[in-house]
Amino acid sequence: MASSRRLLPCEPILPTADAIAPYLRLIDKARMYSNQGPLVRLLQQRMATLLSLPADTLVAASSGTAALTAAILAHAGEASTERPLALCPAYTFVATATAARHCGYEPYLADVSAQTWTLDPDQVTRHPMLARIGVVIPVSAYGRPLDVAAWSRFQQETSIPVVIDAAAAIEALATGTMRPEPNVPLALSFHATKAFGCGEGGCIVWSDPALAADARQATNFGFGDSRNSTAASLNGKMSEYHAAVALAELDGWAAKRAAFARAAQAYRAAAAREGLPADTLMAHPDVASAYILHRRRDARSAERLRVALDAANIEARLWYGHGLHRHDHLLNAPRDALPETERLAGAMLGLPMGCGLGAADIARVVAVLAANREEIAPETETLVRELSVQG
Ligand SMILES: *Cc1c(COP(=O)(O)O)cnc(C)c1O
């Protein structure tokens with residue numbers, strides 16, 4: 001039966017108290033609560049195995065943002081007067097810029113590629129500000145797989161460190177559609193809204209163990225083997241309690257992914273029943289399991305649909321807002337012209353998704369899409385786009 005309850009853009013389900021309890025009892029026994037305790041070490045091992053990584057190349061962190069901050073500090077260091085800028089895509093979650101600012105960089109916002117929805121290494125190679133850029137932070141947008149090897153080459157050619165915000169990309173790494181490179185650190189998020197969650201948490205993947213040790217040090221006050229702080233750092237450590245949740249999440253992850261896959265399949269089936277074009281929805285494996293994306297012609301059309309969904313008690317979300325440059329705190333950030341970001345940001349709606357979402361609820365969402373089709377012919381659409389580029 002279709003319910004009339006409000007459907008939210010993200011309806012996470014994390015491990016139950018019963019699933020976490022055995023790990024909590026281990027904490028009672030070991031009486032280690034943080035600082036690379038046994039549960040964090042076990043999580044790092046199991047997660048490395050899951051992602052086919054060498055030993056000691058995965059560092060747990062207190063959040064995705066903490067992981068990204070530590071990776072920037074370990075790889076690029078703090079901003080310098082010669083290179084004060086961090087090159088960020090304008091289309092991303094705000095945490096990308098937050099992390100750069102924590103390391104002393106001024107985010108410089110560049111436009112994204114229409115294909116990858118993030119920075120393009122060839123474009124960035126020719127960027128006029130290159131001599132002022134201390135770190136480049138490409139984003140795996142919505143967990144889409146990224147060509148890490150191309151960024152590794154960019155880094156080798158320009159000597160500018162690259163740190164990848166792979167917050168939502170755990171599945172791309174687990175399935176091998178995205179492969180890490182030993183000289184480029186990746187930061188992942190285990191936030192409740194991601195496909196793998198423990199409430200708040202994250203990790204750094206850096207497939208060279210010596211460099212991963214630097215990242216670990218950056219999450220722990222710059223301490224290595226002693227209590228002498230030897231490098232730029234933060235407190236970004238994961239606690240044993242969060243590791244307990246993450247281990248329980250790992251135990252149930254195959255089942256969770258299967259449930260996500262069923263929900264994505266139900267979306268596709270409902271869209272087909274309503275006669276919507278096959279490309280109406282973007283779902284796993286094109287994006288992370290936690291997202292169902294529906295791109296409208298433009299921001300105005302997206303807003304009309306958002307209002308129609310809202311009237312049907314369904315909430316849709318622009319996951320990355322209207323672009324970084326539209327956040328009050330980043331209004332003055334230096335930036336390029338951002339035509340592709342402008343095209344994408346307002347038009348890309350996140351529809352309700354969750355591993356517990358039933359077919360009836362999904363049919364409710366798709367019925368509203370079907371009732372609000374975009375009628376404009378593709379030829380007209382091309383013409384409108386050309387005119388708006390000229391104007
Ligand atoms: C979720 C996310 C983050 C932040 O991760 P937290 O764990 O919430 O700190 C950063 N960047 C992107 C692209 C994200 O999707």
Side-chain angles (χ1 to χ4, degrees), residues 64-65 67-68 71-72 75-76 85-100 105 107-127 129-130 133-155 157-158 160-173 177-181 184-189 194-195 202 205 282 284-288 290-291 293 295 318-327 330 333-348 350:
T65 308
L68 186 57
I72 296 169
H75 193 36
L85 304 175
L87 194 74
C88 303
Y91 190 56
T92 179
F93 183 60
V94 70
T96 313
T98 305
Y105 293 91
Y108 185 102
L109 313 181
D111 204 12
V112 297
S113 140
Q115 280 75 43
T116 64
W117 305 347
T118 195
L119 302 176
D120 178 84
D122 294 330
Q123 296 272 332
V124 177
T125 304
R126 296 189 294 273
H127 199 279
M129 299 301 286
L130 222 50
I133 289 165
V135 62
V136 179
I137 315 175
V139 175
S140 162
Y142 299 102
R144 294 183 69 186
L146 210 79
D147 186 353
V148 185
W151 283 109
S152 167
R153 285 194 298 277
F154 165 90
Q155 177 177 274
E157 283 160 17
T158 61
I160 301 174
V162 174
V163 177
I164 294 180
D165 180 346
I170 189 165
E171 294 158 296
L173 288 167
T177 54
M178 179 165 164
R179 291 175 198 284
E181 290 280 329
V184 177
L186 278 58
L188 276 67
S189 166
K194 300 297 201 282
V205 165
M282 244 186 125
H284 188 68
D286 296 326
V287 293
Y291 303 106
L293 301 178
R295 186 174 181 173
L318 301 175
W319 279 104
Y320 298 162
H322 290 274
L324 289 185
H325 58 302
R326 306 276 183 170
H327 288 275
L330 292 162
R335 61 184 175 92
D336 296 331
L338 303 169
E340 193 53 42
T341 299
E342 292 285 347
R343 263 197 291 277
L344 263 175
M348 188 71 76

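By convention here, the first residue in the shown sequence is residue 1.
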Nearest-0.5 Å distance, [atom1] of residue [X] to [atom2] of residue [Y]:
X      : Y      : atom1 : atom2 : answer
Tyr291 : Met348 : OH    : CE    : 12.0 Å
Thr118 : Asp147 : OG1   : CG    : 12.0 Å
Asp111 : Thr341 : CG    : OG1   : 4.0 Å
Leu87  : Ile133 : CG    : CD1   : 4.5 Å

**Fill in**
Residue set satisfying ring pair (Phe, Tyr, Trp, His ring centres under 6.0 Å) with His75, at least two apart, ordered chain then number -> Trp206
**Request:** Go through the structure and list residues passing ring pair (Phe, Tyr, Trp, His ring centres under 6.0 Å) with Phe154, not counting sequence neighbours.
**Result:** Trp151
**Asked** Excluding sequence neighbours, so at least two apart, what forms salt bridge (charged side-chain N to carboxylate O under 4.0 Å, His left out) with Arg179?
**Response** none
**Message:** Just to verify, what does Glu171 make a salt bridge (charged side-chain N to carboxylate O under 4.0 Å, His left out) with, not counting sequence neighbours?
**Reply:** none
Applying side chain to side chain contact (heavy atoms under 4.5 Å, CB included), can you list everything that pairs with [X], at least two apart in sequence or on another chain?
X      : result
Ala333 : Glu106, Leu109, Leu330
Ala99  : Thr65, Leu68, Thr69, Ile72
Ala114 : Glu340
Leu318 : His322, Leu349

For [X] and [Y], work out which heavy atoms get closest and say how close.
X      : Y      : result
Pro107 : Cys88  : CB-SG, 4.1 Å
Leu344 : Val112 : CD1-CG2, 3.9 Å
Ala166 : Leu188 : O-CG, 3.6 Å
Leu119 : Ala110 : CD2-CB, 3.7 Å
Phe93  : Trp319 : CD1-O, 4.1 Å

Kindly write out the residues that satisfy side chain to side chain donor-acceptor pair (under 3.5 Å) with [X], not counting sequence neighbours, or none if the list is empty.
X      : answer
Thr96  : Thr92, Asp165
Ser113 : Thr116
Asp336 : Tyr108, His127

**Prompt:** Picking from Leu173, Thr177, Asp286, what satisfies side chain to side chain contact (heavy atoms under 4.5 Å, CB included) with Pro145?
**Reply:** Thr177
**Message:** Are Glu181 and Arg153 packed together at the side-chain level, in the sense that at least one heavy-atom pair is separated by less than 4.5 angstrom?
**Reply:** no
**Request:** Please examine the side chains of Arg335 and Leu324, heavy atoms only from C-beta on, and report whether any two atoms are closer than 4.5 Å.
**Result:** no
**Asked** Would you find a donor on one side and an acceptor on the other, under 3.5 Å apart, between the side chain of Ser152 and the backbone of Val148?
**Response** no
**Request:** Please answer whether the main-chain N or O of Val162 pairs with a side-chain N or O of Gln155 as donor and acceptor at a distance below 3.5 Å.
**Result:** yes
**Prompt:** What's the verdict on side-chain contact (heavy atoms from CB on, under 4.5 Å) for Lys194 and Ile170, showing C-alpha distance, side-chain angles and the deciding distance?
**Reply:** CA-CA 9 Å; Lys194 300 297 201 282; Ile170 189 165; over 6 Å; no
Name each donor-acceptor pair under 3.5 Å that joins a side chain in residues 136-143 to protein atoms two or more places apart or in another chain, with its distance.
{"unit_1": "Ser140", "atom_1": "OG", "unit_2": "Arg144", "atom_2": "N", "d": "3.4"}
{"unit_1": "Ser140", "atom_1": "OG", "unit_2": "Arg144", "atom_2": "O", "d": "2.6"}
{"unit_1": "Tyr142", "atom_1": "OH", "unit_2": "Tyr91", "atom_2": "OH", "d": "2.7"}

